[in-house]
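The structure appears below as structure tokens.
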Amino acid sequence: MREDFAEAVYEVAGAIPSGSVLSYGDIAELLETAGPRQVGAAMSRAVDGTPWWRVVRAGGLPPRGHSARAMPFYTAEGTPLRFAGRRGGTEGSYSISMAAARWKPTEAQQAVLDDIRARLAEVSGPGTKRSHPHDWVGP
DNA sequence: CTTTTGACAGCGT
DNA sequence: CACGCTGCCAAAA
């Protein structure tokens, strides 16, 4: 049943509740497949309707080249932000308070995420997987 | 098959 | 705090 990596990423993104966020790395870790860059690559091709602004960089910075477009969503959803300088209105430079905004899934939500991961792993199950005998670190 | 390419992460300067 | 470098890993060329 062919679950694309990108598909899995979109499902996870869609599972993030309003007002919360996950980092690219978080999602990569969740899926136990690939790394942050693949998640970013997938998000860049996300279809309209995907809550892309809820997937941010580890440091709390919004997706490259999309900070301005993301801002309204954060203010609307009440996502905890921090502003540079916090002196007057230096807007344009802001970031998300990861400590406060980072999504902490409940058990039920975690189960859903696990399911997504499992379906993704199904693709590279026994048989289709080819080990990498290449990277042995040798004595 | 090899090479290039990212909406990244982490550390050093 | 702002760059710059290196590591990363799957997909596309």
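Here is the naming used below: chain letters follow the sequence lines, and residue numbers restart at 1 for every chain. Computation of the quantities below employed the complete heavy-atom set of this structure, encompassing side-chain atoms and omitting hydrogens, waters and symmetry-equivalent molecules.
Here C/dA11 presents its C1' atom at 14 Å from CG of A/Leu120, a figure rounded to the nearest Å. Following rounding to the nearest Å, A/Met98 (CE) and B/dA9 (P) show an atom-to-atom distance of 8 Å. Separating the CH2 atom of A/Trp52 from the P atom of B/dA7 is a distance of 14 Å, rounded to the nearest angstrom. For the pair A/Met43 CE and B/dA7 P, the computed distance is 12 Å after rounding to whole Å. Between the CG atom of A/Leu31 and the P atom of C/dC9 there is a distance of 15 Å, given to the nearest Å. Between the P atom of B/dG6 and the OH atom of A/Tyr24 lies a distance of 14 Å, rounded to the nearest Å. Distance A/Asp48 CG to B/dA7 P: 18 Å, rounded to the nearest Å. Atom pair A/Arg64:CZ and C/dA2:P shows a separation of 12 Å (rounding to whole Å applied).
Comparing C/dA10, B/dA7, B/dA9 by their closest approach to the side chain of A/Pro63 singles out B/dA7. Here B/dG10 is the nucleotide among B/dG10, C/dA11, B/dA7 with the atom lying nearest to any side-chain atom of A/Ala58. Closest to the side chain of A/His66, from the set B/dA9, C/dA10, B/dA7, is B/dA7.
For the pair A/Glu7 and A/Arg119, the salt-bridge criterion is not met [side-chain N within less than 4.0 Å of a carboxylate O].
Side-chain atoms of A/Asp26 come within 3.5 Å of backbone N or O of A/Ser23 as a donor-acceptor pair. One N or O on the side chain of A/Tyr10 and one on the backbone of A/Ala42 form a donor-acceptor pair closer than 3.5 Å.
Residue contacts shown for A/Gly25 are limited to sugar-phosphate atoms, with no base heavy atom under 4.0 Å away. Here A/Ala41 lies out of heavy-atom contact (under 4.0 Å) with every strand.
Relative to the six-membered ring of A/Trp103, A/Arg54 misses at least one condition, a distance below 6.0 Å or an angle of at most 45° to the axis.
Comparing A/Pro36 and A/Arg45 by the nucleotide of DNA chain C whose heavy atom lies nearest to each, the residue mapping closer to the 5' end is A/Pro36.
Taking the six-membered ring where the residue is Trp, A/Phe83 and A/Tyr94 present tilted rings, their angle falling between 30° and 60°.
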